[in-house]
Amino acid sequence: MTSLSLLLFQNGLPDLPVLLVEPHRNRSGVWRIKFSYDADEPLSMDTGQASSLAADLHQMGEDQFAVEIDDAVRSATRYSSM
């Protein structure tokens with residue numbers, strides 16, 4: 001089984017506490033998922049990668065973090081269809 005630290009690394013995220021997970025639109029108008037940190041710059045990923053990350057987190061028992069990502073993906077998907 002993959003560790004949380006390794007899973008985050010594989011997805012381009014640091015192993016730091018995440019303050020906020022939210023949908024955001026990039027300069028090209030594409031909705032992505034933004035991860036904000038206290039001591040680091042925010043990072044983002046596309047909704048497909050974020051959804052896959054959430055599924056992996058659910059399998060690891062990291063349900064609270066996974067639900068935050070799932071909610072952000074749902075919102076980004078809804079916003080992109082407007």
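Note: hydrogens, waters and symmetry copies are ignored here, and every other heavy atom, side chains too, is used. Numbers here are sequence positions counted from 1.
In this structure, Val73 and Ser51 approach most closely via the heavy-atom pair CG2-N, 4.1 Å. Between Thr2 and Met60 the shortest heavy-atom distance is O-CE, 3.1 Å.
Using a 4.5 Å heavy-atom cutoff, the side chains of Asp56 and Ser52 are in contact. Between Lys34 and Pro23, every side-chain heavy-atom pair lies at or beyond the 4.5 Å cut-off. Proximity of Trp31 to Asp46: side-chain heavy atoms (C-beta onward) are nowhere separated by under 4.5 Å. The closest side-chain heavy-atom distance from Asp63 to His58 is below 4.5 Å.
Note that OG of Ser44 is 9.0 Å distant from CD1 of Ile33, once rounded to the nearest 0.5 Å. Here Thr47 contributes atom OG1 and Ile69 contributes atom CD1; the two are 12.5 Å apart, rounded to the nearest 0.5 Å. With values rounded to the nearest 0.5 angstrom, Glu22 atom CD is found 5.5 Å from Ser36 atom OG. Atoms CZ and CE, from Arg32 and Met45 in turn, are 8.5 Å apart once rounded to the nearest 0.5 Å.
Ring geometry for Phe35 against Phe65 counts as perpendicular: the plane angle is over 60°, on a 0 to 90° scale with 30° as the lower cut.
Side-chain atoms of Ser81 come within 3.5 Å of backbone atoms of Arg78 as a donor-acceptor pair (strictly under, hydrogens ignored).
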Please set out all donor-acceptor pairs under 3.5 angstrom arising from side-chain atoms of residues 9-20, sequence neighbours excluded.
| residue | atom | partner | partner atom | Å |
| --- | --- | --- | --- | --- |
| Asn11 | OD1 | Gln49 | NE2 | 3.2 |
| Asn11 | ND2 | Leu7 | O | 2.9 |
| Asp15 | OD2 | Ser5 | OG | 3.4 |

